[in-house]
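Note sheet for the following structure.
Start at 1 and go down the list; that is how both ligands and their atoms are numbered.
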Amino acid sequence: MRLVFLGLAGAGKGTQALVLSETLGLPFISSGDMFRYHLSQNTELGLLAKGYMDKGELVPDEVTIRMILDRIGQEDCRKGFILDGFPRTLAQAQALDAALDSGPVNRVLYIKVGEEELVRRLAGRISCRKCGTPYQLDLLPPNASECPRCGGELYQRADDQPDVVRRRIQVQWPEIHGLANYYAGQKKLVEINGEQSVEQVGADLLKTVNGRI
Ligand SMILES: [Zn+2]
């Protein structure tokens, strides 16, 4: 079972991918984790990526592709895996297809959340400056100013401010749309309504991978 998660930042796909990986007993592979691992371990790929980042340049697709292919080539991925944050471009999707000679991606789970809902969610989110945990404002006690977990200061990340969120959606949208079309053409795309509760989205995902949708 090879699964790919697709969706805008803030759609909740990371959380859902992690839960599904535990339920299905499949390795969860996030491109963000992959980068952090290679950078912190100073691997060949990490040093290569760092070279670009130090110059203020984007890390080329090729480096990201090598990190992911290296990971899914490992023993624990033989029974399958769940990808989050990769592929992000059409070139990455094609490289993934070309590399998976033992069997292709089975399903692409597209968690759809509209722009207004994303803005509403992220604008209502504050984060801990110390441990980074995000919280929904309406779930915290009124006037909470400290992180319930570590006591750190709570603040709204610049990333979560409405105009920044809208700009980010505009940037991400063409690529996500392109990937959705690519996988729809392969008849692998499944759209999940991400505006439901976390539990309902999780239930829909399970039905999908069990072949009932
Ligand atoms: Zn904290």
Below 4.0 angstrom, N of the basic side chain to O of the carboxylate: do [X] and [Y] qualify?
X	Y	value
Asp70	Arg66	no
Arg120	Glu116	no
Arg167	Asp159	no
Asp163	Arg166	no

Residue pair Gly85 / Lys13: nearest heavy atoms and the distance that separates them: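 Heavy atoms of Gly85 and Lys13 come nearest at N-NZ, 3.9 Å.
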
Student check: side-chain heavy atoms of Phe28 and Asp84 closer than 4.5 Å: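 Side chain of Phe28 against side chain of Asp84, heavy atoms only: contact under 4.5 Å found.
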
Metal environment of the Zn ion (ligand 1), protein N/O/S under 2.8 Å: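 Those protein N, O or S atoms (cut-off: under 2.8 Å from the Zn ion (ligand 1)) are Cys128 SG, Cys131 SG, Cys147 SG, Cys150 SG.
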
